[in-house]
Novice: 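This structure is in structure tokens; I'll ask about it shortly.
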Amino acid sequence: MFATLSDRLTATFKSLRGKGRLSAEDVDATVREIRRALLDADVALPVVREFTAQVRERATGLEVSQALNPAQQVVKIVNEELVAILGGETRRLRFAKNPPTVIMLAGLQGAGKTTLAGKLGRYLKHNGHRPLLVACDLQRPNAVNQLQITGERAGVDVFAPEPGNGVGDPVAVARAGVEHARHHHHDVVVVDTAGRTGVDAEMMQQAIDIRAAVTPDEVLFVLDAMIGQDAVATAEAFRDGVGFDGVVLTKLDGDARGGAALSVRQVTGQPVVFASTGEKLDDFELFHPDRMASRILDMGDVLTLIEQAEKAFDAEQAQSMAAKFAADEDFTLDDFLQQLNAVRNMGSIKKMLGMLPGMAQLRDQLDAFDEREFDRIEAMVRSMTPLERRQPRIINGSRRARIAAGCGASTSAVNDMLERFGQAQKMMRQMRKGLGGGGLPGIPGMPGVAGGASKKQKARAAAAKGRKGKSGNPAKRAEQERAAASRAITAGEDSGSAFGAPQPPAEFDPSQLNLPKGFDKFLGGR
């Protein structure tokens, strides 16, 4: 959503690089470009005025004039001011001392309240709560049915005693929903209310009556981040009519310019609590002003990326993989498939890559990336037999043709995938040797290696370099394999290992490994 604004601000800061001192003209030009970028992004005019005034005041002060790198200091100032207008600190839900906690959702029709109710329910469930969704939108056609389906997908109970479609009293349903939650030990109640295509007296009165009936602990205003300048007027109308304690921004994955996110906190005085970043139920997160400011300035959001990785990767599987790695077992296609699924569970690869610093410069490449490539790779691996997954080296020409036919890909695509996997497997072996042998060969200064590889490692590398490739003749190939096995046994006797592979030291801790880093070689192509 903030792509255009991010590009404009990044281009503005580039013009300041290399300047040892900023003149008044430089500051004026920078502030002018920032103002234009914010106005183009549909940020409310009062917010733009206040923001640029703060930036100008600080940019002309001592903190910039005495800085060693004035350009970086200006970026720091803009970042801090962005964090300030976005709310400063992360605002979390307030829970009642005596359950159930009642959360009421309000907003215009089409803002995404019903879908958001399911996302919020799933979020609360994953955080140890037992939420209940209450269907109080009885006007919109099939709104009750939509909430029931969304709740089922989210794994959350739904209270819907009325069919909706114009039938039923929403105030009575809200009151009965809270009582139902109290008797069935639900600790959080999410009340989904009706919306309208515009702010009107009937809508406001119904929301006010529901609020009076259930006395919610939190009233969250659901705001469509794509409606531009009108978002501010709508938010002010709800604040003055119903009142709310926080804002939830939806459709942040859209292509609008994002002014609502930058305006609503400053204009209404209420913080943004959550952000909906996609259509899936998992595309829902706490709103962190500092992280959002970093994204806008193309400085990345690594903390959110780490949190998503921690949720996606199973700790037991990681320990099992690390133990296998330490035991000198080879990395197989089964292992890769397991890690691939964990990566996919983190969400959109484009979105994850977009959280890395400086990725705005590669936006065109990210947009061209086809995430269906993961499906194709998985189809290839699942078309193999269990033995082929464990021992990819046995996959010959006929097996490759069978795998290609089984997954609907070409033989060359299977060849390319296996070649890339072989490169990843080789890299994993090098990592294992580095850990077991005291360092990575050829890298000076690594632990256990003084000045790079040892003489014995260099001799083995030279011997390996001089060997011929495998023969196409089965008899000659068998003879080559026997000779290779003999050399491996001899090497093992020299190194004290029964199988010729260096053993990890006694103090080796498998949990120190971060195996997923090894897979980008496989996915990234040749």
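Position 1 is the first residue of the sequence, and the numbers go up from there.
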Novice: Restricting to side-chain contact (heavy atoms from CB on, under 4.5 Å), what partner residues turn up for Arg239, sequence neighbours left out?
Specialist: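 side-chain contact (heavy atoms from CB on, under 4.5 Å) list for Arg239, sorted by chain: Glu236, Phe244, Thr268.
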
Novice: If you compare all heavy atoms of Pro170 against all heavy atoms of Cys136, which two are closest, and at what distance to 0.1 Å?
Specialist: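 Heavy atoms of Pro170 and Cys136 come nearest at CB-O, 3.3 Å.
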
Novice: Would you check if Leu116 and Thr250 make a side-chain contact, meaning some heavy-atom pair closer than 4.5 Å?
Specialist: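 They are in contact (side-chain heavy atoms under 4.5 Å apart), so the answer is yes.
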
Novice: Between Leu38 and Phe51, is any pair of side-chain heavy atoms under 4.5 Å apart?
Specialist: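 Yes, close enough: below the 4.5 Å cut-off.
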
Novice: For the residue pair Asp192 / Thr114, report whether a side-chain donor-acceptor contact shorter than 3.5 Å exists.
Specialist: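 Asp192 and Thr114 do have a side-chain donor-acceptor pair below 3.5 Å.
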
Novice: Quick one: are Asp28 and Arg56 in side-chain contact, heavy atoms under 4.5 Å?
Specialist: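 A side-chain contact under 4.5 Å exists here.
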
Novice: List in chain and number order the residues that pass side-chain contact (heavy atoms from CB on, under 4.5 Å) with Pro271, two or more places apart in sequence or in another chain; answer none if no residue qualifies.
Specialist: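 Testing Pro271 for side-chain contact (heavy atoms from CB on, under 4.5 Å), a comparison that skips the adjacent residues, returns Arg91, Arg265.
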
Novice: If you count every heavy atom of other residues, nucleotides or ligands that lies below 6.0 Å from Arg49 atom CZ, does the total exceed 12?
Specialist: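 12 or below, so no.
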
Novice: Does the side chain of Val219 come within less than 4.5 Å of Arg211's, by heavy atoms?
Specialist: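 Of all side-chain heavy-atom pairs linking Val219 with Arg211, at least one is under 4.5 Å.
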
Novice: Quick one: do Asp283 and Lys280 make a salt bridge, cutoff under 4.0 Å?
Specialist: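 No.
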
Novice: Between Val273 and Arg92, is there a side-chain heavy-atom distance shorter than 4.5 Å?
Specialist: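 Result no, sub-4.5 Å side-chain heavy-atom pair not found.
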
Novice: Under a 4.5 Å cut-off applied to non-hydrogen side-chain atoms, are Leu249 and Asp224 in contact?
Specialist: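 No, side chains not in contact.
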
Novice: Got a sec, which residues hit ring-ring contact (aromatic ring centres under 6.0 Å, His included) with Phe274, two or more places apart in sequence or on another chain?
Specialist: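 Phe274 satisfies ring-ring contact (aromatic ring centres under 6.0 Å, His included) with Tyr123, Phe284 once adjacent residues are dropped.
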
Novice: With sequence neighbours left out, write down each residue that passes side-chain contact (heavy atoms from CB on, under 4.5 Å) with Ala207, or none if nothing qualifies.
Specialist: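 Only Met104, Val242 meet the side-chain contact (heavy atoms from CB on, under 4.5 Å) criterion with Ala207.
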
Novice: Can you check whether Arg94's main-chain N or O pairs, donor with acceptor, with Glu218's side chain at less than 3.5 Å?
Specialist: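 Yes; judged by distance alone, with no hydrogens or angles, the pair exists.
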
Novice: My understanding is that only residues two or more places apart in sequence, or in another chain, count here; which of them pass side-chain contact (heavy atoms from CB on, under 4.5 Å) with Ala29?
Specialist: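 With sequence neighbours excluded, Ala29 shows a side-chain contact (heavy atoms from CB on, under 4.5 Å) to Arg32, given in chain and number order.
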
Novice: State, with a plain yes or no, whether a side-chain heavy atom of Asp137 is found less than 4.5 Å away from one of Arg140.
Specialist: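 Heavy-atom side-chain distance check passes, below 4.5 Å.
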
Novice: May I have the list of side-chain donor-acceptor pairs in residues 150-157 shorter than 3.5 Å, sequence neighbours left out?
Specialist:
from: Thr150; atom 1: OG1; to: Gln146; atom 2: O; distance (Å): 2.8

Novice: Quiz question: by atom type and distance under 3.5 Å, do the side chains of Ser276 and Lys119 form a donor-acceptor pair?
Specialist: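 Checked: Ser276/Lys119 side chains pair up, N/O donor to acceptor below 3.5 Å.
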
